[in-house]
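What follows is a single structure, written as structure tokens, with notes after it.
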Amino acid sequence: MTRRVALGLAIVALAVAPAAAAPSGEVKIGLAAEPNTFDPHLTVGRNSQIFIVNVYDGLTARDAQGNLVPALAESWKRLTPTTWQFALRKGVKFHNGDDFNAESVKFTLDRATNPETKATISSELGTIASTEIVDSFTVNVITRTPDFLLPVRLGELFGLMLSPKHTNAVGKEAIATRPNGTGPFKLVTWSKNDQMVLESNESYWRGAPKVKKITVRPILEDAARIAALQAGEVDLITPIPYARIGELKRNDKLVIKTIAAPRVFHVTIDVRKPPFDNVKVRQALNYGVDVNAIVKSLYFGYGTRLATVVDKGALGYDPSVPPYPFDPNKAKALLAEAGFPNGFETEFDSFTGSIADHAKPAEAIVGYLQKVGVKVKQNVFEFAAFGPRRVQNRTAPLFIYSIGNAYLEPSWVIRWLTQGGLGMHYKNARLDEMLTRIEATDDRIKRAQQYSDVQKLIKDEAPFIFLFQADAVFGMSNRIDYTPRPDETQWLYPLALRG
Amino acid sequence: MRAYIAARLATAILVVLGVSAVSFFLTFLTGDPAEIMLPPGATAAQITKFRAEWGFDDPLPVQYWRFLHRAVQGDFGISLRHGQSSLPLIAARLPATLQLTVTAMLLAIALAVPLGVLAATHRGGKIDLLAMGVALFGQSVPNFWLAIMMILLFAVSWGVLPTSGRGGWAHVVMPATAIAINLTALLTRLVRTAVIEVLAEDYVRTARGKGLRELFVLGRHAVPNALIPLVTVIGLQFGYILGGAVVIETIFTWPGVGLFTIQAILNRDYPVVQASVFILATAVVLINLAVDLVYVWLDPRIRVA
């Protein structure tokens, strides 16, 4: 009797245990853009990098809150300033059954850094000098200069691991459409601009995903993408124009989720050129623009006013540093103090056709600047035509731009924004020194604390007109459960069907 | 006749070459793919290095010569974005575009011919007014607007047609209609005018005078003669139809050449742009040639000098 009860309980336990549930069902997704390739070294654009991770894994990953967590590496440590050691996870297999080990890591990083690969992501892995196999599950990555960000770089965007055997066997062209990763999903079919079918990897090392089949359709036009969600053709879409959110929220079959994306909008000021070499002028520009009103009207409130160029999801974001308040009188007073009581003339570059809308906020900013007496001529370029202007340092004294903080690390963003090229010429020895100290600190918590002073300094120096970060918007049917990630990654592993 | 075709083919080659040269220089003069291809965190030095690796920093004539040298061998290069050979990429999308454009064209002809004939035979009457109203609507409505309105009505509100994408014939209905609408309007007006003119001809009066039934007069004498200019216009319009397909394919994410090309242009994926321009220009030139030959065949009075 007791045995029978025990057996019965065991059966019930098996039936209800979620871990034992095999993947089931299908979810259809409509995306504005699909990846250009599944070759992780030739990805073009954030849309590709944030998606293909579903088929691969990096050495590291992010959790739902954006914290760095182990993935194919179980742990890592810096042995010397230029040597990182990664202890790899054992028992992981690629989709075709190949074993993941130290050889896979060396092969992948050698391929990524080999000039013959012409890797589009080489700029992100440029510090890597070599990779050494210590034993089957330990590798040392040696960098040219100390690189505190290496474990983050070798994460889901730029550190996806390839199987040496498969990659060599299929060749460079075929790897684009026939990936073999260790990730939660396998690519079954892909017809570009048409549809892509992913199937769950039931032997995934984190446990099988909950959904068996995912069909991804690129639906480029906003109206058509929203229509597909409304008509029930797809269960999940992104992005959604802010103007449509209200209407979709009233539909009780749909759920709209927004999350602050790490894209930081700002106006770069050419500090070398008078009158912008005067800090009072730069501060005046910051007082003169009503960023809250821009967020409210252009983004329907789905954005966050930022005090500096550090986004709120970034390590060490300090909410106690207040943004410049909108104060046109103060702006005029500062301009007068700087010797421009009647303002001055300048130019402002903006562009269309990039991943995010820059032209509309630019127009609003120009309008505000006019009101405090700065006579601004706005130029609008097509994005591909604006690129060479930046490379050749021919940008106007003011230009709008945005940078996605892929690593959620302020130092990475600030180093890029102060690189002395691409139209960005602000330099500050104290800031440099502070960042160098931060970059020598491997402990995240200790690093986070030091960023507070960095934000205060940048705000006072005002080498940019500080703007905002906009929300990413996801629409889904109420038959699915999905939580967007704060780092833009379209990580489908936790996706589940309700009920 | 053979000499005529040979001369036309020679011109066709020159046209395709010219179009590809113009598009090559235009895409180059308006931007560079390096910044688009690299992650946003790339520095100026990394961009410069990347441009050198890919040969984007070579002088334009050098790059054009490299392109031409390969193109004559049918090799348009590897797509910068897709990492695959660009001509097969475009060729694989041609059937989707042809399905859409040919359907649109047939739809336009099927609507315009009866509508135009009816309008001509009921000149000044209610049917004429209706037909001309339809034509005016068709000519003035922007096809992208019509496309989105159709999606809202037929796919979202009524749920009778799929919103976008390519699948069965139900998927073709809305995009083909959106492309056909302007052409239908143009052809209706054309057919109406041509039939009115032909109906005033002496031979039609003779036919009527012989006591032939009106339907026979129309079917045997008037309409076939009125359709000759229609053939020319349809041939000329094919280029416009392909142009319209670019917009409509984008709205409906129809996986054809148009959508692929527009993405390639925005991304400055030169090899794909070149392959696409080559294929589209060739298609337009060949169809125009075919139309001219049909024209000669339809109207024996047209002889080549």
Side-chain angles (χ1 to χ4, degrees), chain A residues 30 36-37 39 42-46 49 115 118 120-124 126 157-158 172-173 175-177 191-195 217-221 223-228 230-233 353-355 382-388 390-391 393 402-404 406-407 412-413 416 419-422, chain B residues 27 29-51 53-54 78-85 89 92-93 96 144 147-148 151-152 155-157 159 162-167 249-256 259-260 262-263 265-269:
Chain A
N36 68 307
T37 176
D39 183 336
L42 296 176
T43 51
V44 173
R46 185 55 54 86
Q49 287 138 14
K118 291 188 183 175
T120 48
I121 62 161
S122 61
S123 59
E124 301 309 312
L157 292 177
F158 307 113
K172 200 175 172 184
E173 275 199 42
I175 194 87
T177 51
S191 163
K192 267 185 196 166
N193 283 351
D194 192 0
Q195 71 165 22
R217 268 175 58 192
I219 310 177
L220 283 72
E221 179 66 30
R225 193 164 53 253
I226 292 170
Q230 289 172 318
E233 283 178 22
S354 80
I355 190 168
E382 209 266 305
F383 186 58
F386 184 58
R390 296 174 65 231
V391 176
N393 280 313
S402 68
I403 174 84
Y407 299 124
W412 180 79
V413 171
W416 186 78
Q419 61 174 278
L422 299 179
Chain B
T27 37
L29 290 175
T30 54
D32 185 305
E35 275 233 300
I36 295 173
M37 289 176 70
L38 287 170
T43 59
Q46 285 161 337
I47 293 173
T48 310
K49 178 173 160 264
F50 183 85
R51 294 182 78 234
E53 272 174 14
W54 285 76
I78 303 284
S79 158
L80 306 180
R81 195 174 177 81
H82 305 283
Q84 291 161 283
S85 210
L89 277 173
R93 279 152 184 85
F144 59 87
I148 289 171
I151 292 175
L152 290 181
V156 179
S157 294
T163 53
S164 64
R166 186 178 181 223
E249 283 185 3
T250 308
I251 292 177
F252 288 97
T253 317
W254 185 267
L259 172 60
F260 206 68
I262 201 82
Q263 290 173 326
I265 293 171
L266 291 175
N267 294 308
R268 298 299 186 273
D269 191 346

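Below, chains carry the letters A, B, ... as their sequence lines are ordered, and counting in each starts from 1.
- Taking 4.5 Å as the limit, every side-chain heavy atom of A:Thr177 sits out of range of all side-chain heavy atoms of B:His82.
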**Request:** For side-chain contact (heavy atoms from CB on, under 4.5 Å), just list the numbers for B:Lys49 and A:Ser123, CA-CA rounded to whole Å, side-chain angles, deciding distance to a tenth of an Å, and then say yes or no.
**Result:** CA-CA 10 Å; B:Lys49 178 173 160 264; A:Ser123 59; over 6 Å; no
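- Only the side chain of B:Ile47 comes within contact range of chain A, with heavy atoms under 4.5 Å apart.
- Here the straight-line distance linking atom CD1 of B:Ile151 with atom CD of A:Gln230 works out to 11.0 Å at 0.5 Å rounding.
- Rounded to the nearest 0.5 angstrom, B:Phe252 CZ and A:Leu220 CG are separated by 13.0 Å.
- For A:Glu382, the part lying near chain B is the side chain, with the backbone staying farther off; criterion is any non-hydrogen pair under 4.5 Å.
- B:Ile251 touches chain A through backbone and side chain together, each having a heavy atom under 4.5 Å away.
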**Request:** Any chance you could lay out the side chain to side chain donor-acceptor pair (under 3.5 Å) test for A:Asn193 and B:Glu249, step after step, and finish with the verdict?
**Result:** CA-CA 10 Å; A:Asn193 283 351; B:Glu249 283 185 3; over 6 Å; no
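- Nearest heavy atoms, B:Arg268 versus A:Ala384: CZ-CB, 3.4 Å.
- Looking at B:Pro162, the atoms closer than 4.5 Å to chain A (heavy atoms on both sides) sit in the backbone and in the side chain alike.
- For the pair A:Lys192 and B:Pro255, the tightest heavy-atom approach, listed with the atom from each and the gap, is O-CB, 4.1 Å.
- For chain A, the nearby part of B:Ile78 is the side chain; its heavy atoms alone come within less than 4.5 Å.
- Counting heavy-atom pairs closer than 4.5 Å to chain B, the top residue among A:Ala385, A:Ala231, A:Gly45 is A:Ala385.
- Taken from CD in B:Gln84 to CG in A:Asn36, the straight-line distance is 10.0 Å, to the nearest 0.5 Å.
- With a 4.5 angstrom heavy-atom cutoff, A:Phe158 touches chain B only via side-chain atoms.
- Between chain B and the options A:Gly30, A:Ala223, A:Ala176, A:Ala228, heavy-atom pairs under 4.5 Å are most frequent for A:Ala228.
- Distance OG/A:Ser122 to CD/B:Glu53: 6.0 Å, rounded to 0.5 Å.
- Chain B forms more heavy-atom pairs under 4.5 Å with one residue of A:Pro388, A:Gly232, A:Pro218, A:Ser191 than with any other, namely A:Pro218.
- The contact between A:Ile219 and chain B is made by backbone and side chain atoms together, counting heavy-atom distances below 4.5 Å.
- Between the side chains of B:Thr253 and A:Arg225, no donor-acceptor pair of N or O atoms lies under 3.5 Å.
- Exactly one residue among A:Thr43, A:Val44, A:Thr37 makes a side-chain contact (heavy atoms from CB on, under 4.5 Å) with B:Arg81. That residue is A:Val44.
- Proximity to chain A involves both the backbone and the side chain of B:Phe260, based on heavy atoms less than 4.5 angstrom apart.
- A side-chain donor-acceptor contact under 3.5 Å links B:Thr163 and A:Glu233.
- How far CZ of B:Arg166 is from CD of A:Gln195: 12.0 Å, rounded to the nearest 0.5 Å.
- Interface residue A:Ala227: backbone and side-chain heavy atoms are both found under 4.5 Å from chain B.
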